[in-house]
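The structure under discussion appears below in the form of structure tokens.
This is a predicted model, so every value here is computed, not measured.
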Amino acid sequence: MPIRQMKESSEQHLVIKTHMQNSINQPQKHHKTAQNGKGPPQPLQESSNTKPQNQTSPPSKNRGRRRGRGGRKSDQGDVCMRPCSRPCTVVHKPVVNPVGDLLSTTSTGPIETGKNVCEMEMGPGFPTSSKSLSFARRPGYGQGGSKCIVKANHFFAELPDKDLNQYDVTITPEVASRTMNRAIMAELVRLYKESDLGMRLPAYDGRKSLYTAGKLPFAWKEFAIKLVDAEDGISGPKREREYKVVIKFVARANMYHLGQFLAGKHADAPQEALQILDIVMRELSTKRYCPVGRSFFSPDIRAPQRLGDGLESWCGFYQSIRPTQMGLSLNIDMASAAFIEPLPVIEFVAQLLGKDVLSRPLSDSDRVKIKKGLRGVKVEVTHRGSVRRKYRVSGLTSQPTRELVFPVDDNSTMKSVVEYFQEMYGFTIQHAHLPCLQVGNQKKANYLPMEACKIVEGQRYTKRLNERQITALLKVTCQRPRDRENDILQTVQNNAYDQDPYAKEFGIKISEKLASVEARILPAPWLKYHETGKEKDCLPQVGQWNMMNKKMINGMTVSRWACINFSRSVQESVARGFCNELAQMCQVSGMEFNSEPVIPIYNARPEHVEKALKHVYHASTNRTKGKELELLLAILPDNNGSLYGDLKRICETDLGLISQCCLSKHVFKISKQYLANVSLKINVKMGGRNTVLLDAISCRIPLVSDIPTIIFGADVTHPENGEDSSPSIAAVVASQDWPEVTKYAGLVCAQAHRQELIQDLYKTWQDPVRGTVSGGMIRDLLISFRKATGQKPLRIIFYRDGVSEGQFYQVLLYELDAIRKACASLEPNYQPPVTFIVVQKRHHTRLFANNHRDRTSTDKSGNILPGTVVDSKICHSSEFDFYLCSHAGIQGTSRPAHYHVLWDENNFTADGIQSLTNNLCYTYARCTRSVSVVPPAYYAHLAAFRARFYPEPVMQENGSAGSGAGHGAKGTRTGESGVRPLPALKENVKRVMFYC
């Protein structure tokens, strides 16, 4: 059926149905579109005799979906724009939110205190807690696209038929180290396996839980275990320590429920059973390799590669048991991580400082760097022959070794460190000008000369890597698909799961073959460009296209611009030539771009960035008699430190300037491709559109084109390891054009450290004049959509990035509730149906071509073709998820994005959401390639990352600069959570895609 857009004014009230039944639209029969490359699909002709047909459906059993909010196969005829199909009840009491909080009865919208309030109904069975929450069920499998076979790095695991039992373990005295716990338990198993343990071989999690296949001969038993402490103090022989270990029966894991879940007959995964199986499969690898999270590393898997500054990369593998449609699978992937190189400490220090330390004295800054690099690192002594005691470094002495003395008896008889080591061990300290390492606690710190210590092997480096180290690590991890597949298979063979005594004990069998999975390759969408270009539309080939013979569909005008040059190496004539080339490229691409800047190119030093920006801003405003500068071009040195972040902060939160930065290396070596990409970025920053989906402007996208639809993207970025006080940054973007869904406005906010739930989606506060005021990012973006399009959104699609599986329930409950409250605050009973989709990139599923020699099934990099989608076999047994590789690989092995539809009131079909997501990946504004993650989620990530530059550095008491977005500094206002709010974006900035 053809699409008919609503003729009602956006100011009209929505129709509220007063009957209880849900109406479902009849499915539409779409005309087939040409996808053979000969021409774009033609617009559908509107039929005059089409009438909507409604039918009554029984109440849905699925709590995660609301039927009747736009049918799964939507009617594209007359559409009744209704936000809710429930009766509106007038009440004289506060509206109770379904999650349990009170929804304010006062807001800036139509709801007022003391007046009639519309009681909202959130759809049948809206959950009040995670216990009653059920995620969207899979509506069926996708059929679109051309079918093919791919291989996945999942290995079928046969479900054991044995009873799995859990026991609680208590070790006294309590031990903090998992390694020590495991050593104690290993000794217990060695001593008592054949007697008290009844020949059972248990698996241990290193903490409080022990698991067995079958019951132990006892329900409770206490054991005494003696171990030699290898990490005892400096002086005296190693001590033998005794531990009391109590093992107590807790429960039996129900494997029947796991079988029912894998068969799709049980909604909730029995996490306890899965956890036991995962621990069992990790037990042997934990003994063989160095465990880090769910991965295992060893220098024996592949020779370590130096990363610089005393670090090296270790190769390893990731391993996890996962429930899938094919049953249990063992997910194996290759991994790499940075480890501290097991060097003599003096050699490590020389690498860290990048200079010879044996002949030159150390400066104060050198000492600070050494102390920072070695604090917490384990070292072993080398001056005592075969005795290799280990200690953890706690600090560095401020004096050189030759000046250090300490009391050797109760009479305070002092002896130098040099004398002590000579007399006690016969060890002559050669480099007494160097400081000593401090080991132990501050109350009783012991000294160790650097030359008598070596770094213990197997310590993962958890701090931030520098750019050079990141580049070196990426070279190690970057593997072509065929090589990665072979390494995964080799890992499975090396692990020899069929010989694993723990797998045998628990009855787990692992296949040695990669899973073969049915996949489909979705067609690329037609893209629309401006009518004045030679090519008015374009069909991308293998995820790529270019701007040749094309013009931006909505090219913007830049009349007033300026350029500031922060790079000393770029001469003014070179900068002028670059600006001319860029202006010409913008013109060729479809923009109206003034060839001359408002003022001559201004040269400035990076340390004077604020002064320079304000000078250019005011000088330009004076020259144009008060008219605002539209664009600022900035040429930056290749290594510019904090300059880029400072410039963006000042421009976007202080001056309200749209800026485009270019590195000097691109200014010297001008590339047409680079200029074309920069012109794309400039156009969207100015509020333009580069291209749109042809189906969008032809109104042919199911469940998007029929009624005004807003698409959100949301992400939270967290501080790096080691930053304990910096806030997390949340960002939300939302489409501002319909039906094109191409332009996105964005908002950012700071929130509590490591908080994953987005706190400012909806909020209320008390105003002394207006009373309770509603706000928040969702509400503001809904209002912005209304202003931009003249219509209120009648459907919400929400792509949420960065959520792990363990947070699904929590995030959905909190954020869906915030969306509902934001909508309700705008208008009584305004509840547009919501589809909530989590986007995951940090997973370990990889897809490989079934035949690497078949060039028709791979791209140039040897990866699977863009548009490859998988929703069977390796996916969830009953929930609505799929893997989509929407991009062409460049180097390494492509990682498909994993999309999990948690909540779907719009009743998407599998084909509908997969096709929409794939097509949106071709609308990314910054390049002429399809991208790996749906653009709204990508934009949210960019916006959140940009906002990390916004807080001004705050000087700490010690004189060092810290993050200004942390807890409020003196004289600054903090929010309720104790987090300093980010500086507000200027209005002209937040309306455009400033983060591109």
### Query
Is any side-chain heavy atom of Ile332 less than 4.5 Å from a side-chain heavy atom of Leu330?
yes
### Message
Show the nearest heavy-atom pair for residues Leu328 and Leu277, with the distance to one decimal.
### Response
CD1-CD1, 3.4 Å
### Query
Does the pair Asp333/Arg846 count as a salt bridge with the N-to-O cut at 4.0 Å?
yes
### Query
Could you go step by step and tell me if Thr170 and Lys208 meet the side chain to side chain contact (heavy atoms under 4.5 Å, CB included) rule?
CA-CA 6 Å; Thr170 304; Lys208 298 284 292 180; 3.6 Å; yes
### Ion pair check, Arg322 and Glu805, cut-off under 4.0 Å
yes
### Task
Using the side chain to side chain contact (heavy atoms under 4.5 Å, CB included) rule, take Met450 and Val349 through it: C-alpha gap first, then chi angles, then the decisive distance, then the call.
CA-CA 9 Å; Met450 283 190 182; Val349 168; 4.1 Å; yes
### Message
Nearest 0.5 Å, please: how far is CD in Glu485 from CG in Leu514?
### Response
5.0 Å
### Query
Going by an N to O cut-off under 4.0 Å, is there a salt bridge joining Arg252 and Asp163?
yes
### Message
Taking Leu473's backbone N and O only, do any of them form a donor-acceptor pair with Gln469's side chain (distance below 3.5 Å, no angle check)?
### Response
no
### Query
So with a 6.0 Å cut-off around CD of Glu242, is the heavy-atom count from everything else above 12?
yes
### Task
Quick one: sort the His900 and His898 rings into parallel, tilted or perpendicular, breaks at 30° and 60°.
perpendicular
### Task
Determine, for Glu720 against Arg464, whether the closest basic-nitrogen to carboxylate-oxygen distance falls under 4.0 angstrom.
yes
### Message
What's the separation between atom OG in Ser209 and atom CD1 in Ile247, rounded to the nearest 0.5 Å?
### Response
11.5 Å
### Task
Using atom types as modelled and distance alone, determine if a side-chain donor or acceptor of Ser298 lies under 3.5 Å from a backbone N or O of Asp300.
yes
### Message
Is it the case that the side chains of His154 and Thr324 hold a donor-acceptor pair, with the cut-off being a distance below 3.5 Å and no angle test?
### Response
no
### Query
Can you name the nearest heavy-atom pair linking Tyr289 to Phe297, along with the distance?
CB-O, 3.5 Å
### Task
Mark yes or no for whether Gln459, through its side chain, and Lys378, through its backbone, hold a donor-acceptor pair below 3.5 Å.
yes
### Query
Is there a donor in the side chain of Ser804 and an acceptor in the side chain of Gln807, or the other way round, less than 3.5 Å apart?
yes
### Task
Test Tyr420 against Phe406 for side chain to side chain contact (heavy atoms under 4.5 Å, CB included), laying out the working first.
CA-CA 9 Å; Tyr420 176 81; Phe406 63 99; 3.6 Å; yes
### Message
Taking the six-membered ring of Tyr243 as reference, does the cationic atom of Lys226 (NZ for Lys, CZ for Arg) lie under 6.0 Å from its centre and within 45° of its axis?
### Response
no
### Query
Any side-chain heavy-atom pair from Ser320 and Asp278 closer than 4.5 angstrom?
yes
### Query
Okay, side chain of Gln840, backbone of Val803: is any donor-acceptor separation there less than 3.5 Å?
yes
### Message
Using every non-hydrogen atom in the two residues, find where Thr401 and Leu434 come nearest and quote the distance to one decimal.
### Response
OG1-O, 2.5 Å
### Message
Ring-plane angle category for Phe339 and Trp314, please: parallel below 30°, perpendicular beyond 60°, tilted otherwise.
### Response
parallel
### Task
Take Met180 and Ile184 through the side chain to side chain contact (heavy atoms under 4.5 Å, CB included) test and state the conclusion after the steps.
CA-CA 6 Å; Met180 181 58 70; Ile184 294 167; 4.1 Å; yes
### Query
With distance as the sole test, does Asp168 use its side chain to make a donor-acceptor pair with the main-chain N or O of Lys248 at under 3.5 Å?
no
#### Entry: Lys/Arg N to Asp/Glu carboxylate O, Glu380 vs Arg389, below 4.0 Å
no
### Message
Testing the 3.5 Å rule here: is there a donor-acceptor pair between the side chains of Gln479 and Asp487?
### Response
yes
### Query
Quick check: does any side chain N or O of Gln751 sit under 3.5 Å from a backbone N or O of Gln759, one acting as donor and the other as acceptor?
yes
### Query
Mind checking whether Tyr447 and Gln438 have side chains closer than 4.5 Å, heavy atoms only?
yes
### Message
When you compare the side chains of Asn486 and Gln490, does any donor N or O come within less than 3.5 Å of an acceptor on the partner?
### Response
no
### Query
Is there a ring-ring contact (aromatic ring centres under 6.0 Å, His included) between His266 and Phe261 once you walk through the steps?
CA-CA 4 Å; His266 200 277; Phe261 171 76; 7.5 Å; no
### Query
Can you find a side-chain donor-acceptor pair between Glu756 and His718 that sits under 3.5 Å?
yes
### Query
Taking atom types as modelled and ignoring hydrogens, do the side chains of Asn495 and Tyr497 form a donor-acceptor contact shorter than 3.5 angstrom?
yes
### Query
Would a line drawn from the ring center of Tyr211 to the ring center of Tyr204 be shorter than 6.0 Å?
no
### Query
Does the pair Lys841/Asp801 count as a salt bridge with the N-to-O cut at 4.0 Å?
no
### Query
With side chains defined as the heavy atoms from C-beta onward, is the minimum distance between His383 and Phe421 less than 4.5 Å?
yes
### Stepwise ring-ring contact (aromatic ring centres under 6.0 Å, His included) check, Phe135 with His876
CA-CA 11 Å; Phe135 295 145; His876 197 280; 8.4 Å; no
### Stepwise salt bridge (charged side-chain N to carboxylate O under 4.0 Å, His left out) check, Asp498 with Lys509
CA-CA 7 Å; Asp498 57 331; Lys509 296 178 182 177; over 6 Å; no
### Query
Quick check: are there more than 12 heavy atoms from other residues, nucleotides or ligands sitting under 6.0 Å from NZ of Lys463?
yes
### Task
Look at the side chain of Glu312 and the backbone N and O of Arg306, then say whether any donor-acceptor pair between them is shorter than 3.5 Å.
no
### Message
Looking at Ser329 and Asn331, would you say the former's side chain and the latter's main chain have a donor-acceptor pair under 3.5 Å?
### Response
no
### Query
What distance do Leu352 atom CG and Glu347 atom CD have between them, rounded to the nearest 0.5 Å?
12.5 Å
### Query
With distance as the sole test, does Arg200 use its side chain to make a donor-acceptor pair with the main-chain N or O of Ala213 at under 3.5 Å?
yes
### Query
What are the two closest non-hydrogen atoms of His753 and Pro719, and how far apart are they?
ND1-CG, 3.6 Å
### Query
Are any of the side-chain nitrogens in Asp205 or Arg282 under 4.0 Å away from the carboxylate oxygens of its partner?
no
### Message
Please check this pair: side chain of Lys372 against backbone of Arg367, looking for a donor-acceptor N/O pair closer than 3.5 Å.
### Response
no
### Task
Output the distance between atom CZ (Phe506) and atom NZ (Lys162), rounded to the nearest 0.5 Å.
8.5 Å
#### Entry: Interatomic distance, Glu194 atom CD to Met199 atom CE [nearest 0.5 angstrom]
5.0 Å
### Message
Return the CD to CD distance between Glu505 and Glu283, rounded to the nearest 0.5 Å.
### Response
11.5 Å
### Summary
For Leu757 and Arg800 the tightest heavy-atom approach is CA-NH2, 4.4 Å
### Min side-chain heavy-atom separation Leu164-Met255 under 4.5 Å
yes
## Note on the structure
Between Val280 and Tyr502, the two heavy atoms sitting closest are CG1-O, 3.7 Å
#### Entry: Validation row: Pro342, Val456 side chains within 4.5 angstrom (heavy atoms)
no
### Task
Could you check if a side-chain atom of Lys454 sits within less than 4.5 angstrom of a side-chain atom of Val345, using non-hydrogen atoms only?
no
### Heavy-atom check, side chain of Ser877 versus side chain of Leu262, under 4.5 Å
no
